[in-house]
*Asks:* 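Structure below; questions to follow.
Lettering follows sequence order; numbering is per chain, from 1.
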Number of protein chains: 2
Amino acid sequence: MLSVEAEPVGARPGQVEPGHIESSLVSVDVLALRFDAGSGAVLLGVSRRELEPFLGRDALPGVLLGRGERLREAAVRAVAGKLGVPEGAVRATGQLATFDEPSRDPRGPTLSIALWATLDPARSDGPRWAPLSAVPPLAFDHDRIVADCRALLGERLWRDPVFTAGLLGPEFTTAQALDATEALTGDRPYPANLGRLMDRVPGLRRTEQHAAARAKGGRPPLVWRWEG
Amino acid sequence: MLSVEAEPVGARPGQVEPGHIESSLVSVDVLALRFDAGSGAVLLGVSRRELEPFLGRDALPGVLLGRGERLREAAVRAVAGKLGVPEGAVRATGQLATFDEPSRDPRGPTLSIALWATLDPARSDGPRWAPLSAVPPLAFDHDRIVADCRALLGERLWRDPVFTAGLLGPEFTTAQALDATEALTGDRPYPANLGRLMDRVPGLRRTEQHAAARAKGGRPPLVWRWEG
DNA sequence: CTAATAGTGTCTTTCAGACATTATTAT
DNA sequence: ATAATAATGTCTGAAAGACACTATTAG
């Protein structure tokens, strides 16, 4: 299974000889998500490329995985280096999928492991954030990565408390929950139905508090909070 | 917590200097599944290691990913080289999760990308197959990989027609469907309930045919078939 | 008051879970 | 007939979907 083993000899492309390791490079590309409570938008962090290829184009923040480095370390490094987000602002990370098209990077075959990262919006302001529902064209195959992974993120919301709490923060209103759900799934649920769904999320509690009313008037929304 | 699940971000050791690329090796480890229609067992292909480390122990079939090689190619190569299964016997493959514990291989940091592969049982006989419900202790962290991925396989059955058709073959009986579901999820559904679930699987059709009766007598089961 | 926003009650449909009952076969 | 195996009917409860109605705020 590893390089030091002899593979059965036969003319197969991609064959690895013992001692002579020539592997694809591994990059970690991050869907860095930042929930703006004010507008209710889920923002995706993008970075302008300062090198060829795709110089000047937007791209997902990504780094090459270092030897012995863990995926989430690399994701934090990417978010810090490419978006300027301090490491402490990364609330949680997790795997999405791996993209292995050999021609996805013109410099040579590169594996891309896509991770999500949820950020604390108070500590991750910066220049380049795009609403997840209107991401500009990106470099490499990142348009495809975003499209594929957006569906995965939509499935994860409310099912994975670590992701959901990381995205929405320690407390949030029903209105914000509706906005975030719409941003990730493309579909806005009915308030009553989302409320029942949230009642069943482990660790999430409906409080008696109401948030401050909005500028335009209207009943103030309920506050939800994670316990533990 | 499962490695494939979300992780909160904590303290991180180790950094990588840019410009000096020294990446972890990438191995592709395969959960090669073979459904034995006779016994109703889902069998996992394991290979005995012929080199250190873990000499003589069983392990998942795996290979190092070659430069520019696709994950699917590597999975087919692993199954062919380590299990002796001809390439044409691989019906389908897909991603499961990535395991990035740096110490998972004593020879050095190695990323493991776990894939599933479904095999044609008629063309993939061989020496070492273990029921998925009774896998022997494996080398490296493969026990953990199997445990984590078994849950993912259970979720995929009936939801992913490519996986399900690859596992069960072009046609199968209700009894076999019950057995396969029990093997992957650990839970045997009621026949009526599984029948209704299968009625909703796209591309799967309940036929009017009955399979040959079993040796012990009893009503012959219905045959299900994929269309297209 | 009205407009805007949000929460609640409830009906419907879908789906999973759990049987009891009926059907078909070998012996 | 009896045992073995499988299919079917039906009841229950959980969950999603859809909507009408009520509640609370700013102006």
*Asks:* To the nearest Å, give me how far apart CZ (B/Arg200) and C1' (C/dT13) are.
*Replies:* 12 Å
*Asks:* Rounded to the Å, how far apart are B/Leu222 CG and D/dT5 C1'?
*Replies:* 13 Å
*Asks:* Whole angstrom is fine here: how far is it from CD in B/Gln176 over to C1' in D/dA6?
*Replies:*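 Roughly 13 Å, once rounded to whole Å.
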*Asks:* Calculate, to the nearest 0.5 Å, the distance between atoms CG and CG belonging to A/Leu153 and A/Leu96 respectively.
*Replies:*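 Interatomic distance, A/Leu153 CG to A/Leu96 CG, rounded to 0.5 Å: 5.0 Å.
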*Asks:* Which sits closer to the 5' end of DNA chain D, B/Leu178 or B/Gly218, going by the nucleotide each is nearest to?
*Replies:* B/Gly218
*Asks:* Would you kindly give the CG-to-C1' distance between B/Asp179 and D/dT5, to the nearest whole Å?
*Replies:*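 In whole Å, D/dT5 C1' and B/Asp179 CG are 12 Å from each other.
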*Asks:* Could you work out which one of C/dC19, D/dG17, D/dA6 sits closest to the side chain of B/Pro221?
*Replies:* D/dA6
*Asks:* Starting at CG of A/Asp199 and ending at P of C/dG7, how long is that distance when rounded to a whole Å?
*Replies:*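 So the CG-P distance, A/Asp199 to C/dG7, works out to 12 Å.
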*Asks:* Which nucleotide in the list D/dA18, C/dT5, D/dA7 gets nearest to the side chain of A/Arg196?
*Replies:* D/dA18
*Asks:* Hey, is CZ on B/Arg48 packed in by over 12 heavy atoms from elsewhere, all under 6.0 Å?
*Replies:* yes
*Asks:* Given C/dA16, C/dG7, D/dC19, which nucleotide is nearest the side-chain atoms of A/Tyr190?
*Replies:*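 Comparing C/dA16, C/dG7, D/dC19 against the side chain of A/Tyr190, the answer is D/dC19.
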*Asks:* Using a strict 4.0 Å threshold on nitrogen-to-oxygen distance, state whether A/Arg144 and A/Asp141 make a salt bridge.
*Replies:*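 Result for this pair is no, no salt bridge flagged.
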*Asks:* Do B/Arg34 and B/Ser124 have side-chain atoms, one donor and one acceptor, less than 3.5 Å apart?
*Replies:* yes
*Asks:* Taking only the side-chain heavy atoms of A/Asn193 (C-beta and beyond), determine which of D/dA7, D/dT8, D/dG17 contains the nearest atom.
*Replies:*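 The closest nucleotide is D/dG17.
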*Asks:* Of the nucleotides C/dC19, D/dT24, D/dA4, which has the atom closest to the B/Lys216 side chain?
*Replies:*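 Nearest nucleotide to the side chain: D/dA4.
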*Asks:* Specify the separation, in whole Å, of atom CE of A/Met198 and atom P of C/dA6.
*Replies:* 12 Å
*Asks:* To the side chain of B/Arg206, which of C/dA16, C/dA6, D/dT8 is closest?
*Replies:* D/dT8
*Asks:* Grab the NE2-C1' distance between A/His210 and D/dA26 for me, whole Å please.
*Replies:*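 These atoms are roughly 17 Å apart.
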*Asks:* Whole Å only: how far is the CD atom of B/Glu182 from the C1' atom of C/dG17?
*Replies:*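 After rounding, the reported distance stands at 16 Å.
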*Asks:* From the set C/dT8, C/dC19, C/dA23, return the single nucleotide nearest to any side-chain atom of B/Ala192.
*Replies:* C/dC19
*Asks:* Does B/Arg188, at its CZ atom, have more than 12 non-hydrogen atoms belonging to other residues, nucleotides or ligands within less than 6.0 Å?
*Replies:* yes
*Asks:* Out of D/dT5, C/dC15, C/dT5, which nucleotide sits closest to the side chain of B/Arg219?
*Replies:*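 It is D/dT5.
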